[in-house]
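Read the numbers this way: they start at 1 and go in the same order the structure lists the ligands and their atoms.
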Amino acid sequence: MTLKIPIYLDNHSTTKVDPKVVEAMLPYFSENYGNAASRQHEFGWKAEAAVENARKQIARLVGAENPEIVFTSGGTESINLALKGVAEAYASKRNHIITATTEHKAVLDTCARLEEHGFEITYLPVDTAGLISVADLKNAITNKTILVTIMLANNEIGTIAPIAEIGAVCRGAGIFFHADATQATGKIPVNVVEMNVDLMSFSAHKMYGPKGVGALYVRANRPKVNLTALIDGGGHERGMRSGTLNVPAIVGFGKAAALAQENMSMEAKRVAAFRDELESGIASQLDEVMVNGNQAHRLPNNSNMTFKGVNADRLILDMKDIAVSSGSACSSASPEPSHVLRAIGLSDEDVLSSIRFGLGRFTTAEEIDYTINRVVQTVKAAREKSLQLAHP
Ligand code: PLP
């Protein structure tokens, strides 16, 4: 296969829309363009049927009942709806939320907003692997705690949290549990029942679907979660998220979920093998390379590496033929040194020397070989240059 430059290794930021997803979406722009809320004619019925089919595909991927899936504009909105929606609905009874320092900005900034409105937030620390301690969680729970929110997989280091265990603690304490599964869904098995979650956030564009669509899982029974809507209007999505549904995007999301379900285990093995090859290929030729995070429980497509003494932003500029990211480009419109790498104990210098590689469905063996060579050469050149500058 001929190598196409630039190579895309930034799949945590977003993914290419799978051609099968594009194909599934197209008729909903041009032929079946009805409003899914139009109950009186065939255009509306077709759109509604397509939305319900997509809802079923997503529910099946995560082990939910169809009505428990609420469509939103993406992961950020789902998280806002989960956190603010629960906070407001139960504010008269409880006002305390527990989260972790390594969460995505969508969670941290939502918590900060709730703090401004009088809620108390506990930010649990993590260990060097990026995991909270369940004992810390238990200690943080008070009779005012209404919600715990912990991500299933981290967007920078890929660490997978023991969500079922955390969920069991919350269930035992009568506290709602939200998990941000934006990075994990479609890559590793997700089951809302086995994971003991009450709310879970998803985003289509992280799993080969279109941008601008996502979903929130809202448990309907044992316990039923009540949410105050963020967006009021025509009462769509059972009153939890008003606004005309984006039918083509929802159809694409459904198709992406079905494809993920079909291919997940094979794809995870293939992608993890490429990732391991990337890491060993680089580490065998370079000194002072560190792999960050939890190597035992990590997303198959994630690799976060520190190249000691080398500025990651400079490195990325010198390798324009490879799309990767430093810090947390996907989580913020104004990137700043990664709060996640800091939280797992990296020094500021090491944080600024770290790069995230995000492999994906379309990554090839040739791309991995090319990337290994390119990274090795570029890091060596950068280190030689800084040696010359230090000892002219
Ligand atoms: N949560 C995590 C872990 C993410 O990686 C992202 C991506 O930026 C989001 C939430 C936000 O998702 P979206 O881009 O769909 O709003």
Original post:
In terms of side-chain geometry, is the basic nitrogen of R314 or D318 positioned less than 4.0 Å from the acidic oxygen of its partner?
Top reply: yes
**OP:** Flag H12 as yes when one of its N or O atoms lies below 3.5 Å from any N or O atom of ligand 1, and as no otherwise.
**Re:** no
Subject >> R361/E267 salt bridge by N-O under 4.0 Å criterion >> reply: yes
Subject >> SB check E279 R298 (cutoff 4.0 Å) >> reply: yes
Original post:
With Y217, which of V62, V190, V197 fulfils side chain to side chain contact (heavy atoms under 4.5 Å, CB included)?
Top reply: V197
Subject >> Numbered atoms of ligand 1 (with element) below 4.0 Å of S203, judged on heavy atoms >> reply: 13 (P), 15 (O)
Original post:
Among the heavy atoms of I79, does any lie under 4.0 Å from an atom of ligand 1?
Top reply: yes
**OP:** For S325 and R356, test the side chains for any donor-to-acceptor distance below 3.5 angstrom and give the result as yes or no.
**Re:** yes
**OP:** Looking only at distances, please establish whether an N/O atom of ligand 1 is found under 3.5 Å from an N/O atom of G74.
**Re:** no
**OP:** With heavy atoms only and a cut-off of under 4.0 Å, state how T76 meets ligand 1: side chain, backbone, both or neither.
**Re:** both
Original post:
With a cut-off of 6.0 Å (strictly less than), are more than 12 heavy atoms of other residues, nucleotides or ligands near CD of E116?
Top reply: yes
**OP:** Using a strict 4.0 Å cut-off to heavy atoms of M151, name the atoms of ligand 1 that fall inside it.
**Re:** 3 (C)
Subject >> Criterion salt bridge (charged side-chain N to carboxylate O under 4.0 Å, His left out) on E120 and R94, from CA distance to verdict >> reply: CA-CA 10 Å; E120 264 182 48; R94 304 186 196 184; over 6 Å; no
Subject >> Heavy-atom gap E103 to ligand 1 smaller than 4.0 Å >> reply: no
**OP:** Output yes when E237 and R55 qualify as a salt bridge under the 4.0 Å nitrogen-oxygen rule, no when they do not.
**Re:** yes
**OP:** Please indicate whether any nitrogen or oxygen in E77 is less than 3.5 Å from any nitrogen or oxygen in ligand 1.
**Re:** no
**OP:** Please could you name the atoms of ligand 1 that Q183 approaches to less than 4.0 Å, counting only its heavy atoms?
**Re:** 3 (C), 4 (C), 5 (O)
**OP:** With heavy atoms only and a cut-off of under 4.0 Å, state how K211 meets ligand 1: side chain, backbone, both or neither.
**Re:** neither
**OP:** Below 4.0 angstrom from a heavy atom of H205, which ligand 1 atoms are there? Numbered from 1 as shown, please.
**Re:** 13 (P), 14 (O), 15 (O)
